[in-house]
*Asks:* 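The structure that follows is given in the form of structure tokens.
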Protein chains: 2
Amino acid sequence: MTNSTRNELSFEPDLLLINAALVVVSGKWRLYIILILGEQTLRYSQLSERLPGVSEKVLASELKALVGLGVMKREAFAEIPPRVEYTLTERGRLALPILRQIQQLGQIFN
Amino acid sequence: MTNSTRNELSFEPDLLLINAALVVVSGKWRLYIILILGEQTLRYSQLSERLPGVSEKVLASELKALVGLGVMKREAFAEIPPRVEYTLTERGRLALPILRQIQQLGQIFN
DNA sequence: CCGTATCCGCTGCGATACTG
DNA sequence: CAGTATCGCAGCGGATACGG
């Protein structure tokens with residue numbers, strides 16, 4: 001776009017962007033939870049099964065946070081027994097390719 | 001590649017890879033520090049200038065951690081006054097494109 | 001100039017038990 | 001089934017002062 005006065009190969013990374021991204025990814029389980037969900041729709045219990053090692057409290061609070069961040073959406077059905085389904089939002093699906101690349105990062109530093 | 005027996009769109013993310021990646025990126029400043037350095041070689045004081053808000057202790061310990069992780073390397077020159085330079089390793093440069101994409105992630109969730 | 005030494009508050013993460 | 005409630009601790013990140 002505008003031909004800036006920037007001199008050479010140095011570009012200033014935007015701290016705000018970085019922090020916004022880190023919020024989505026950070027924490028021991030957040031990224032893992034998103035990748036497990038992927039393009040599927042899963043119930044709470046299904047997520048729980050596929051996330052061994054994540055305690056109930058942590059899973060519940062992480063899911064709530066991710067919903068709040070607009071990564072995934074939560075649908076509750078007023079049935080007996082109760083059913084709650086989680087699905088990535090459009091933003092979440094948009095982010096998926098990048099999130100999968102973060103795994104590749106792990107391969108570089110294994 | 002090999003036609004696997006996997007049924008549909010679900011693939012299992014590798015938790016170990018994810019954690020290896022998160023170590024490089026996590027923390028309030030680690031990713032920012034790497035992106036600031038980029039392809040340049042910078043002295044400690046130059047890094048410090050470009051990282052307003054990062055305390056000396058945190059910067060020093062983060063740099064040490066990043067060197068330990070193999071992201072960047074540290075060269076100390078026995079001069080007066082002392083000079084220390086930081087440069088990304090090959091792994092670090094390899095990781096750069098992905099790290100920059102993480103910023104893009106921030107744009108999705110701004 | 002380039003760090004280390006101390007001290008310390010906050011919150012991320014976990015175990016366990018309980019509820020609509 | 002799908003979560004809260006409660007308790008607890010370890011470690012990150014920060015302020016400040018000092019050292020080779």
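Naming convention: chains lettered A, B, ... in sequence-line order (proteins, then strands); numbering from 1 in each chain.
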*Asks:* Just the table, please: protein N/O against nucleotides 10-14 of chain D N/O, every pair under 3.5 Å.
*Replies:*
residue : atom : partner : partner atom : Å
D/dG13  : OP1  : B/Lys28 : N            : 2.8
D/dG13  : N7   : B/Lys57 : NZ           : 3.4
D/dG14  : OP1  : B/Lys28 : NZ           : 2.6
D/dG14  : OP2  : B/Trp29 : NE1          : 2.8
D/dG14  : N7   : B/Lys57 : NZ           : 3.1
D/dG14  : O6   : B/Lys57 : NZ           : 2.4

*Asks:* Check every nucleotide of DNA chain C for an atom under 4.0 Å from a heavy-atom of chain B, then give the first and the last such nucleotide from 5' to 3'.
*Replies:*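 It runs C/dC1 to C/dT6.
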
*Asks:* Residues two or more places apart in sequence or in another chain: which of them pass side chain to side chain donor-acceptor pair (under 3.5 Å) with B/Thr87?
*Replies:*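 B/Thr87 satisfies side chain to side chain donor-acceptor pair (under 3.5 Å) with B/Thr41 only.
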
*Asks:* When rounded to the nearest 0.5 angstrom, what is the spacing between CZ in A/Arg50 and CD1 in A/Ile33?
*Replies:*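 Answer rounded to 0.5 Å: 14.0 Å.
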
*Asks:* State which residues pass side chain to side chain contact (heavy atoms under 4.5 Å, CB included) with B/Gln101; sequence neighbours excluded, sorted by chain then number.
*Replies:*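 For B/Gln101 the side chain to side chain contact (heavy atoms under 4.5 Å, CB included) partners, ignoring immediate neighbours, are A/Ile98, A/Gln101.
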
*Asks:* Rounded to whole angstroms, how far apart are NZ on A/Lys64 and C1' on D/dT4?
*Replies:*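 Taking atom C1' of D/dT4 as the reference, NZ of A/Lys64 is at 8 Å.
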
*Asks:* How close or far is atom C1' of D/dT4 from atom OH of A/Tyr44, stated in whole angstroms?
*Replies:*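 Atom-to-atom, A/Tyr44 to D/dT4, this comes out as 10 Å.
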
*Asks:* So how far is it from B/Leu51 CG to B/Glu56 CD, rounded to the nearest 0.5 Å?
*Replies:*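 So the CG of B/Leu51 and the CD of B/Glu56 are separated by 11.5 Å.
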
*Asks:* Mind checking what makes salt bridge (Lys or Arg N to Asp or Glu O under 4.0 Å) contact with B/Glu79, not counting sequence neighbours?
*Replies:*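 Salt bridge (Lys or Arg N to Asp or Glu O under 4.0 Å) list for B/Glu79, sorted by chain: B/Arg83.
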
*Asks:* With B/Glu49, which residues qualify under side chain to side chain contact (heavy atoms under 4.5 Å, CB included), at least two apart?
*Replies:*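 Not a single residue meets the side chain to side chain contact (heavy atoms under 4.5 Å, CB included) criterion with B/Glu49.
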
*Asks:* Under the side chain to side chain contact (heavy atoms under 4.5 Å, CB included) test, which residues partner A/Val25, sequence neighbours left out?
*Replies:*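 A/Val25: side chain to side chain contact (heavy atoms under 4.5 Å, CB included) contacts with A/Leu31, A/Leu99, A/Ile102, B/Leu22, B/Leu105.
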
*Asks:* Would you tabulate the side-chain donor-acceptor contacts of residues 57-69 of chain B under 3.5 Å, counting partners in other chains and residues two or more places apart, or write 'none'?
*Replies:*
residue : atom : partner : partner atom : Å
B/Ser61 : OG   : B/Lys57 : O            : 3.3
B/Ser61 : OG   : B/Val58 : O            : 3.1
B/Glu62 : OE1  : B/Arg30 : NE           : 3.0
B/Glu62 : OE1  : B/Arg30 : NH2          : 3.4
B/Glu62 : OE2  : B/Arg30 : NH2          : 3.3

*Asks:* Find the distance A/Leu59:CG to D/dT4:C1' and express it as a whole number of Å.
*Replies:*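 The distance from CG of A/Leu59 to C1' of D/dT4 comes to 13 Å, rounded to the nearest Å.
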
*Asks:* Please, which pairs that meet salt bridge (charged side-chain N to carboxylate O under 4.0 Å, His left out) have at least one residue in residues 17-26 of chain A, sequence neighbours excluded?
*Replies:*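 The answer is none; no pair qualifies.
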
*Asks:* Please confirm whether the shortest side-chain N or O distance from A/Ser45 to OP1 or OP2 of D/dA2 is below 4.0 Å.
*Replies:*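 It does, given that an N or O in the side chain of A/Ser45 lies less than 4.0 Å from OP1 or OP2 of D/dA2.
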
*Asks:* Note down the inter-axis angle between the two ends of the helix from C/dC1-D/dG20 to C/dG20-D/dC1, five pairs each, to the nearest 10°.
*Replies:*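 The helix from C/dC1-D/dG20 to C/dG20-D/dC1 shows an end-to-end axis angle of 50°.
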
*Asks:* Hey, what do you get for CZ (B/Arg91) to CG (A/Asn110), rounding to the nearest 0.5 Å?
*Replies:*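 The CZ atom of B/Arg91 sits 6.5 Å away from the CG atom of A/Asn110.
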
*Asks:* CD of A/Gln103 to CD1 of A/Ile108: how many Å apart, nearest 0.5 Å?
*Replies:*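 Rounded to the nearest 0.5 Å, the CD-CD1 separation comes out at 12.5 Å.
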
*Asks:* Name every residue in residues 71-83 of chain A that has at least one heavy atom under 4.0 Å from any atom of DNA chain D, in order of residue number, or write none if there are no such residues.
*Replies:*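 The stretch gives A/Arg74, A/Pro81, A/Pro82, A/Arg83 as the residues lying under 4.0 Å from the strand, ordered by number.
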
*Asks:* Mind checking whether B/Met72 and B/Val23 sit in one hydrophobic cluster, side chains of I, L, V, M, F, W, Y counted as touching below 4.5 Å?
*Replies:*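 B/Met72 and B/Val23: one cluster.
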
*Asks:* What pairs with A/Leu96 under side chain to side chain contact (heavy atoms under 4.5 Å, CB included), at least two apart in sequence or on another chain?
*Replies:*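 Partners of A/Leu96 under the side chain to side chain contact (heavy atoms under 4.5 Å, CB included) test: A/Leu35, A/Glu39, A/Leu88, A/Arg100.
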
